[in-house]
Amino acid sequence: MPEFIIVEPEYEKHIALIRLNRPKELNALNLQLMGEIRDALLELDENPDVRVIIITGNERAFAAGADIKQMAGKGAIDMLKIDQFRTWDSIRKTRKPIIAAVSGFALGGGCELTMLCDMIIASETAQFGQPEIKIGVMPGAGGTQRLTRAVGKVNAMEMALTGKFISAQRAYEMGLVNRVVPVELYLSETVRLAKEIAAQSPIAVQLVKESVNMAFETSLQEGLALERKNFYMLFATEDQTEGMNAFVEKRRPDFKGE
Ligand code: DAK
């Protein structure tokens, strides 16, 4: 049983929820907690009943970053040996869509974890930041790369060079989050979005995620080639037949993931 997260594989039909649960430490991401997220995602990715995964924290904090107390005494070789990147890479490779439901602090590794997710719903109390500069280091899990792609150079520079936090509203204006909702609604709004996605063909959803992510990792030509291959592949699914027949017959499709 995980110690620092709570996993609900059937939070709602086809929707799983992972709740970070180290509230006293503002969900600081120690190595065990990150390993637990990795293991939970590997399992949920294999679970045929799960179509969308939500990661959340609590009202005060999504996660205030990697556990500074755990890192404080480490040297470069300790960090190399721990090789946290294996864990983060495994999380990144999750095939099903992940939505971050964020309230309170999403800082450092916490902000980077939201950016590993595919969409972000923020409560109006959410605060995002890459404050590593204030403790003498820099972002190490995408905070200079994914953040720059999301919010542009000047905004990423300001956040990573000053370490200051930005509000949910500012994060929305910069394109970091999908929307900002009142704090009492951030989880229900995330579930609403998850349900919309869970109603689609799971194979199409998976290939959309792969294709969109490819836009950040390759040339336009290679990205378009992958998109075309995936587009053709979907014509091999029963869900394609079901989706198009349902349109013609003026009924809702019932996608099975076949
Ligand atoms: N680590 C450990 N403990 C933390 C923590 C953190 N990041 N953030 C908060 N806490 C603990 C506090 O120490 C305090 O514990 P006690 O003193 O009560 O034992 C408790 O949570 C409550 O925090 P505060 O008393 O400070 O609460 P406040 O409301 O006054 O302030 C705050 C909230 C979020 C503004 C403040 O706690 C804060 O500034 N926290 C640190 C934020 C931060 O600097 N985050 C970035 C950490 S560096 C990597 C991947 C990722 C990373 C690195 C490598 N690889 C793949 C290699 C990521 C690095 C980081 O995230």
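Everything numeric in this text was worked out from a predicted model, so none of it was measured. Ligands are counted one by one from 1 in listed order, and the atoms in each one are counted from 1 as well.
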Check Ile135 against ligand 1 and report side chain, backbone, both or neither, counting heavy atoms closer than 4.0 Å. side chain
Could you check if a side-chain atom of Lys195 sits within less than 4.5 angstrom of a side-chain atom of Ile15, using non-hydrogen atoms only? yes
Please confirm whether the backbone N or O of Arg95 pairs with a side-chain atom of Asp45, one donor and one acceptor, at under 3.5 Å? yes
In terms of atom number and element, which parts of ligand 1 are under 4.0 angstrom from non-hydrogen atoms of Leu107? 34 (C), 42 (C)
Note: Arg60, heavy atoms under 4.0 Å from ligand 1, region reported as side chain
So, for atom 21 (O) of ligand 1, does the protein have a heavy atom nearer than 4.0 Å? yes
If you scan protein heavy atoms around atom 36 (C) of ligand 1, the nearest is Leu26 CD1, 4.7 Å
Quick note on ligand 1: atoms under 4.0 Å from a heavy atom of Ala141 include exactly 50 (C), 51 (C)
For Glu217, does the CD atom have more than 12 heavy-atom neighbours from other residues, nucleotides or ligands under 6.0 Å away? yes
Any protein heavy atom under 4.0 Å from atom 38 (C) of ligand 1? no
When every non-hydrogen atom of Asp239 is compared with those of Gly257, the smallest separation belongs to OD2-N, 2.9 Å
Min side-chain heavy-atom separation Leu226-Glu210 under 4.5 Å: yes
If you have a sec, work out which protein heavy atom is nearest atom 45 (N) of ligand 1 and how many Å separate them, to one decimal? Ala64 O, 2.9 Å
For Glu112 and Gly143, indicate whether the former's side chain and the latter's backbone hold a donor-acceptor pair under 3.5 Å. yes
Could you tell me if the side chain of Leu187 sits less than 4.5 Å from the side chain of Ile54, heavy atoms only? yes
Do protein heavy atoms approach atom 28 (P) of ligand 1 to less than 4.0 Å? yes
Measure across Ala156 and Val151 and return the closest heavy-atom pair with its distance rounded to 0.1 Å. N-CG2, 3.6 Å
Is it true that Glu189 and Arg179 make a salt bridge, defined as a side-chain N closer than 4.0 Å to a carboxylate O? yes
For atom 43 (C) of ligand 1, is the nearest protein heavy atom under 4.0 Å away? yes
Under a heavy-atom criterion of less than 4.0 Å, does Lys24 contact ligand 1? yes
Provide, to 0.1 Å, the distance between atom 41 (C) of ligand 1 and the closest protein heavy atom, together with that atom's residue and name. Ile68 CD1, 3.8 Å
If you count the atoms of ligand 1 from 1 in the order shown, which ones are under 4.0 Å from a heavy atom of Pro131? 43 (C), 44 (O), 45 (N), 46 (C)
Please report whether atom 25 (O) of ligand 1 has a protein non-hydrogen atom at a separation of less than 4.0 Å. no
Among all protein non-hydrogen atoms, which one is nearest to atom 4 (C) of ligand 1, and what is the separation to 0.1 Å? Glu25 O, 4.0 Å
Rounded at 0.5 Å granularity, tell me how far CG in Leu31 sits from CG in Asp67. 8.0 Å
Heavy-atom nearest neighbour of atom 51 (C) of ligand 1 within options Lys134, Gln127, Glu112, Met79: Glu112
How close does the nearest protein non-hydrogen atom get to atom 57 (C) of ligand 1, and which residue and atom is it? Phe85 CZ, 3.3 Å
Any carboxylate oxygen within less than 4.0 angstrom of a Lys/Arg side-chain nitrogen, looking at Arg252 and Asp254? no
Protein heavy atom under 4.0 Å of atom 13 (O) of ligand 1: yes
Any Lys/Arg nitrogen of Arg251 or Glu242 sitting under 4.0 Å from an Asp/Glu carboxylate oxygen of the other? yes
Please state which part of Ala28 comes within less than 4.0 Å of ligand 1, counting heavy atoms only: side chain, backbone, both or neither. side chain
What is the nearest protein non-hydrogen atom to atom 58 (C) of ligand 1, stated with its residue, atom name and distance? Ala66 CB, 3.4 Å
Which residue holds the protein heavy atom closest to atom 35 (C) of ligand 1, what is that atom called, and what is the gap in Å? Phe165 CE1, 3.9 Å
From Thr87 OG1 over to Leu33 CG, what is the distance, rounded to the nearest 0.5 angstrom? 11.0 Å
Under 4.5 Å between side-chain heavy atoms, chaining through other members, with only Ile, Leu, Val, Met, Phe, Trp and Tyr counted: pull out the rest of the cluster around Phe105, sorted by chain and number. Leu26, Leu107, Phe165
Flag the pair Glu3 and Arg22 as a salt bridge only when some basic side-chain nitrogen lies within less than 4.0 angstrom of an acidic carboxylate oxygen. no
Any non-hydrogen protein atom below 4.0 Å of atom 1 (N) of ligand 1? yes
In the protein, what heavy atom is nearest to atom 16 (P) of ligand 1, and what distance, to one decimal place, separates them? Lys69 NZ, 3.9 Å
Checking heavy-atom distances from atom 48 (S) of ligand 1 to each of Glu132, Gln84, Met138, the winner is Glu132
List every atom of ligand 1 that sits less than 4.0 Å from any heavy atom of Gly109, numbering the atoms from 1 in the order shown and giving each element. 58 (C), 60 (C), 61 (O)
